[in-house]
Amino acid sequence: MRPHVSTPAASPAFVPMSYPFDRIEPKWQRYWEKHGTFRTMEDPTKPKFYVLDMFPYPSGSGLHIGHPEGYTATDIVARYMRMRGYCVLHPMGWDAFGLPTERYSMTTGIHPRVATAENVATFKRQLAMLGFSYDWSREINTTDPRYYRWTQWMFRLIYNSWYDHEQQRARPIEELPIPADVQDAEAYRDAHRLAYMALVPVNWCEELGTVLANEEVDEWRQKGYTVERRPMRQWMVRITAYAERLLADLELVEWPASTKEMQRNWIGKSEGAEITFPIIGSEASVTVFTTRPDTLFGATYLVLAPEHRLIEQITTPNCSSAVAAYVAEAQRKTDLERTELSREKTGVFTGAYAFNPATGAEIPVWIADYVLPHYGTGAIMAVPAHDQRDFEFATAYGLPVEIVVRPRDGTLPEPLTEAFVADGIACNSTNAELSLDGLPTAEAKERIIAWLEQRRIGRRTVRYKLRDWLFSRQRYWGEPIPIIHFEDGTRRVLDEDELPLELPEVSEFKPTGTGDSVLATVPEWMNVLDPKTGKRGHYETNTMPQWAGSCWYYLRFCDPHNDACFADPDRLRYWLGTDSQRGGVDLYVGGAEHAVLHLLYARFWHKLLYDYGYVPTKEPFAKLFHQGLILGEDGRKMSKSLGNVINPDDIVRDYGADALRLFEMFLGPLEATKPWSSKGIEGIKRFLDRVWRMYTNPDGTLSSAIVNIPPTREQARLLHQTIKKVRHDIESLSLNTAIAQMMIFANEMSRMAQRPYQVMEQFVLVLAPFAPHLAEELWQLLGHTESLAYEPFPDWDEELLREEEVEIVVQINSKVRSKLMVPVTASAEELRHHALSSPDIERHLQGKTIKNIIAVPGKLVNILVE
RNA sequence: GCCCGGAUGGCGAAACGGCAGACGCACAGGACUUAAAAUCCUGGGCUCCGGAAGGAGCGUGCGGGUUCGAAUCCCGCUCCGGGCACCA
């Protein structure tokens with residue numbers, strides 16, 4: 001008779017062998033919620049730590065498997081820092097304005113507010129399911145009028161500011177000095193505001209029915225949309241005023257080198273000079289920008305961009321038809337065609353000549369589309385010997401090439417086959433007043449700039465590639481720009497007490513197709529009787545770009561419910577600190593795709609607020625980390641079409657949240673791109689099951705192997721090694737190796753018949769930031785009645801780590817020949833002695849002459865022989 | 001073209017200039033089981049010699065260098081990923 005044979009599923013004795021995550025995880029999530037375990041504490045006597053995720057755009061497809069990667073890393077840090085006694089701010093919110101939702105609404109007719117609410121609910125459920133320790137009482141949503149009221153308030157601040165380049169800061173527009181000769185003071189002010197309207201060539205996307213920021217163009221092109229240049233009257237934000245500070249202050253932050261480099265490249269600082277060339281027989285002169293003023297003697301012609309405003313004035317009659325044709329052709333080309341298709345240099349002669357102020361030579365003025373209208377002055381001096389583009393153009397049109405720089409050593413072939421663009425020694429550069437000959441490039445630049453400035457024909461100049469931020473979008477689902485345009489052509493920004501300017505209700509979300517947003521079709525938006533001025537007008541029909549809301553959300557988290565200001569200064573000072581402590585968000589984790597866009601805009605926005613004293617630090621994010629992409633199991637980027645998408649819901653259902661959290665961290669270095677592995681997560685599950693069995697009897701009670709005995713020396717060492725390694729690894733975000741160390745602990749400890757209570761108790765705390773549900777359950781099993789969230793994180797005792805003996809490698813001619821156990825305290829001299837008296841070594845040394853012995857205590861002995 | 005990263009077993013990866021491959025996956029052998037699953041134990045970079053214990057050599061993309069000693073530092077390449085790109 002075998003009375004008790006039954007299927008595993010039916011036998012309770014089998015169930016506890018596997019960790020019952022489906023019971024434990026919801027239990028502790030409910031507990032945390034009910035007890036407000038993760039409500040943020042603000043205790044001025046305690047150190048603080050602000051750890052932030054880039055808040056997500058709540059898309060319709062729910063959480064992607066990549067989201068929990070960064071979120072788990074920050075959650076581990078947040079939980080760890082709480083246990084270290086810090087007050088931790090770890091919030092979450094929604095960057096919910098955006099085009100995908102609006103496009104969804106266009107096709108379904110469902111209001112974007114409704115769609116957003118549904119998406120947020122899904123995201124929130126999924127985040128809760130993963131057990132992240134967010135303080136949900138601080139949840140924010142950029143589409144909430146109580147939030148975007150302050151986004152509008154900040155736009156108002158930008159609008160009401162000008163940039164004082166002398167003081168290097170933004171100041172109120174009322175303080176702008178108006179020169180005496182200015183007729184229209186209001187127009188002058190408008191021209192200096194940090195938010196201004198301008199007719200600019202914008203990136204228009206017909207399919208989207210909106211314009212895009214320069215920074216956004218590539219992304220949409222990659223998705224197959226066409227983006228073309230079109231002049232439109234748009235809102236611009238003068239981010240260029242901050243170019244130098246955005247560049248210089250990168251020194252203040254601890255960010256990945258590559259991200260800093262990308263920002264530097266985007267800002268694109270060039271130092272050089274502006275030089276003015278008089279046009280012969282004309283009042284006009286052409287000013288060029290060059291980074292190589294030292295090559296002025298080699299400037300054999302000028303080139304204007306086809307858009308240059310002097311073209312009509314200087315073109316001679318016999319050239320005018322050819323010039324007109326060329327300019328028209330250039331206008332027809334899109335930016336893309338101009339940059340990619342026209343590798344062959346083309347151009348046209350204007351008939352005009354200019355004086356080279358250094359040589360006195362008459363040099364021809366050309367037009368070519370390889371000169372860009374929006375960089376520098378839209379005109380260049382061409383030095384074909386020392387600029388590859390000029391060289392190609394000169395070769396194509398038979399223009400002269402004059403060598404004025406030679407290599408430091410060696411000579412240049414003549415005629416040149418390519419431009420010599422490197423620094424070198426100036427030559428052929430002498431006139432009656434000046435000689436650069438023999439000077440290295442750097443000195444030659446200084447000398448000629450001094451001469452140009454003295455002669456008042458040029459000056460030292462700094463240029464940036466960064467352009468002003470195109471700030472309006474022809475969309476409904478965005479923050480309204482709080483401006484009223486009046487019938488008389490004037491406008492005003494809304495006052496603080498008129499904010500928020502809320503989006504009107506509409507039922508149709510398609511753009512009008514005329515370059516206006518849907519807002520232009522809303523009667524109450526377009527017919528406004530302004531109570532403050534009594535004038536008639538309409539609200540601005542454009543809305544802000546999606547980036548606006550994310551420029552300051554990390555500030556709102558510090559004080560999310562404040563209706564009197566965007567955040568209380570004292571609370572900002574508490575959570576951001578000050579520059580003297582390297583202030584800002586202490587740890588910011590998010591994808592590298594925001595390296596230029598969001599991170600540049602947010603830094604700009606923050607600096608403007610800093611200029612007014614609204615924020616206490618120069619920089620918003622002290623330390624930044626990019627989590628790497630998780631690829632599909634096939635090593636390719638996850639996508640629906642490839643069918644390699646992993647859904648977090650499925651993983652949590654099958655393995656539990658703790659397993660998903662641990663596995664994503666164990667996959668590899670946080671910053672690395674790495675493929676998903678469905679087998680790999682089984683290994684993590686095995687580890688968690690092993691931990692569970694280490695603490696529990698099959699009936700689910702505390703394991704009878706856990707007993708109140710003092711730990712052995714080895715057990716104590718193992719525990720303390722683990723504590724030390726895990727602490728160091730969390731602090732450096734090397735979470736994969738922290739988990740490896742915990743696995744070593746579990747492998748060793750689970751083998752032991754008796755496990756000291758004290759050791760097992762400490763290990764639960766070490767595990768807690770990684771697998772919080774399991775840890776809480778084990779903590780309770782160990783007899784505790786409260787959450788471990790604020791238990792002090794264990795510290796290690798260096799004394800306990802010390803080994804009595806250590807293995808020393810003995811090498812002969814750098815090859816390992818033997819290993820010895822010696823006391824850790826053994827000196828170099830003692831090591832030599834031990835090594836030489838070892839039988840293995842003696843055998844190897846037979847008949848050889850010792851030349852030298854290198855002994856490194858605690859490591860090795862290397863015997864060098866003949 | 002320019003600027004950043006990166007390259008280590010069958011796979012994901014470890015490694016203050018000091019025993020390359022921790023930890024995990026996959027695999028192989030064994031224990032338990034009627035069997036399977038689960039669990040536990042054992043094994044392994046490659047090549048060669050040896051019946052075995054063991055021994056010899058070669059190994060971190062390629063070629064040099066520095067060093068007693070290099071995956072690690074330096075120089076020159078190759079390939080892969082990312083960014084920028086007619087920016088004067």
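In what follows, chains carry the letters A, B, and so on, assigned in the order in which the sequence lines appear, proteins first and then strands, with residues in each chain numbered from 1. In this text, all values refer to a predicted model and were calculated from it rather than measured experimentally.
Across all strands shown, B:G1 forms a Watson-Crick or G-U wobble pair, both distances under 3.5 Å, with B:C84. Here B:G76 sits opposite B:C62 as a Watson-Crick or G-U wobble pair (both hydrogen-bonding atom distances under 3.5 Å). The partner of B:G18 is B:C68, judged by Watson-Crick or G-U wobble contacts that both fall below 3.5 Å. Partner assigned to B:A38 is none, using Watson-Crick or G-U wobble distances below 3.5 angstrom. Taking a pair to require two hydrogen-bonding distances under 3.5 Å in either a Watson-Crick or a G-U wobble arrangement, B:G44 remains unpaired. The nucleotide B:G24 finds its pairing partner in B:C11, both defining distances of the Watson-Crick or G-U wobble pair being shorter than 3.5 Å.
Between B:G69, B:A22, B:A88, one nucleotide has an atom nearer to the side chain of A:Ser814 than all others, and that is B:G69. Distance from the side chain of A:Asn862 is smallest to B:C68 among B:C68, B:A88, B:C3. Between B:A88, B:U39, B:A56, one nucleotide has an atom nearer to the side chain of A:Arg693 than all others, and that is B:U39. Comparing atom distances between the A:Leu864 side chain and each of B:C41, B:C68, B:A56 picks out B:C68 as nearest. The side chain of A:Arg686 approaches B:U39 more closely than any other nucleotide in the set B:U39, B:A88, B:C3. Closest to the A:Thr290 side chain, of the nucleotides B:C86, B:A88, B:G83, is B:A88. Closest to the side chain of A:Ser270, out of B:G18, B:A88, B:C23, is B:A88. Closest contact between the side chain of A:Met262 and the listed nucleotides B:G83, B:A22, B:G69 involves B:G83.
Looking at residues two or more places apart in sequence or on another chain, you find a side chain to side chain donor-acceptor pair (under 3.5 Å) between A:Thr737 and A:Asp729. In this structure, A:Ser677 has no side chain to side chain donor-acceptor pair (under 3.5 Å) partners at least two apart in sequence or on a different chain. When the side chain to side chain donor-acceptor pair (under 3.5 Å) test is applied to A:Ser270, the partners found at least two apart in sequence or on another chain are A:Tyr375.
Residue-level contact check: A:Arg463 touches neither bases nor backbone, having no heavy atom under 4.0 Å from any strand. Among the protein residues, A:Lys685 comes within range of no part of the nucleic acid, since none of its heavy atoms lies under 4.0 Å from any strand. Here A:Gln388 lies out of heavy-atom contact (under 4.0 Å) with every strand. Residue A:Lys819 is classed as a base contact, given a heavy-atom separation below 4.0 Å to a base. Contact annotation for A:Gly683: backbone-only contact, meaning every heavy-atom pair under 4.0 Å involves sugar-phosphate atoms and none involves a base. The residue A:Leu860 sits close to a base: some heavy atom pair falls under 4.0 Å. Within 4.0 Å of A:Lys679, counting heavy atoms only, lie sugar-phosphate atoms of the nucleic acid but no base atom. Note on A:Asn852: nothing from the nucleic acid sits closer than 4.0 angstrom, heavy atoms only. A:Ile854 comes within 4.0 angstrom of a base, heavy atoms only. Using a 4.0 Å heavy-atom cutoff across all strands shown, A:Arg264 reaches no nucleic acid atom at all. Heavy atoms of A:Asn747 sit under 4.0 angstrom from primed sugar atoms or phosphate atoms, though from no base atom. Nucleic acid contact class of A:Gln811 (heavy atoms, under 4.0 Å, all strands): base.
Separation of the P atoms belonging to B:C11 and B:G1 is 31 Å when rounded to the nearest angstrom. B:A26 and B:U78 are spaced 39 Å apart, taking the P atom of each and rounding to whole Å. A distance of about 10 Å separates the P atoms of B:U47 and B:G10, rounded to the whole Å. Nucleotides B:U60 and B:A28, compared at atom P, are 29 Å apart to the nearest Å. Here the separation of B:A15 from B:C79, taken at their P atoms, is 29 Å to the nearest Å. For B:C73 and B:C16, the C1' atoms lie 14 Å apart once the distance is rounded to whole Å. Using P as the reference atom, B:G18 and B:G69 are 14 Å apart when rounded to the nearest Å. Of the P atoms belonging to B:C75 and B:G81, the separation is 25 Å, rounded to the nearest Å.
Centroid-to-centroid, the aromatic rings of A:Phe687 and A:Trp692 stay 6.0 Å apart or farther. Residues A:Trp796 and A:His728 bring their aromatic ring centres within 6.0 Å. A distance of 6.0 Å or more separates the ring centres of A:Tyr655 and A:Phe21.
Base orientation of B:G82: anti (glycosidic angle beyond 90° from 0).
Taking atom CD of A:Glu418 as the reference point, atom P of B:C86 lies 20 Å away to the nearest angstrom. Remark: P of B:C25 and CD1 of A:Ile739 are 13 Å apart, rounded to the nearest angstrom. Put simply, CG on A:Asp729 is 15 Å from P on B:C23, counting in whole angstrom units. Taking atom CG of residue A:Asn265 and atom P of nucleotide B:G82, one finds them 17 Å apart after rounding to whole Å. In this structure, the CZ atom of A:Arg690 is 13 Å from the P atom of B:A38, given to the nearest Å. Atoms CD1 (A:Ile863) and P (B:G69) sit 15 Å apart, rounded to a whole Å. Nucleotide B:A85 holds its P atom 12 Å from the CG atom of A:Leu466, rounded to whole Å. When the P atom of B:C25 is taken as reference, atom CG of A:Leu688 falls 12 Å away, rounded to whole Å.
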Take nucleotides 5-17 of chain B nucleotide by nucleotide from the 5' end and write B, S or -, depending on whether a protein heavy atom sits under 4.0 Å from the base, only from the sugar-phosphate, or from neither. -------BSS-B-
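In this structure, a donor-acceptor pair under 3.5 Å is absent between the side chains of A:Glu402 and A:Thr300. A donor atom on one side chain and an acceptor atom on the other are found under 3.5 Å apart for A:Ser704 and A:Asn697.
Nucleotides of RNA chain B nearest to A:Arg751 and A:Gly268 differ in position, and the one nearer the 5' end is that of A:Arg751. Mapping A:Ala379 and A:Val816 onto RNA chain B via the closest heavy atom, the residue that lands nearer the 5' end is A:Val816.
The cationic group of A:Arg264 does not satisfy the cation-pi geometry with A:Trp255, failing either the under 6.0 Å distance to the six-membered ring centre or the 45° limit from the ring axis.
Among the candidates A:Thr377, A:Ile380, A:Val371, A:Val365, the single residue satisfying the side chain to side chain contact (heavy atoms under 4.5 Å, CB included) test with A:Leu304 is A:Val365.
Judged by distance alone, with hydrogens and angles left aside, A:Glu807 brings a side-chain donor or acceptor within reach of the base of B:C19, the pair sitting under 3.5 Å. Residue A:Lys345 places a side-chain atom within donor-acceptor reach of the base of B:C86, judged by atom type and a 3.5 Å distance cut-off alone.
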Side-chain donor-acceptor contacts of residues 850-861 of chain A below 3.5 Å, not counting sequence neighbours, with atom names and distances?
none

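Within the structure, ring pair (Phe, Tyr, Trp, His ring centres under 6.0 Å) pairs that include any residue of residues 730-752 of chain A comprise A:Phe745-A:Phe763 (at least two apart or interchain).
For the pair A:Arg817 and B:A56, the criterion of a side-chain N or O lying under 4.0 Å from OP1 or OP2 is met.
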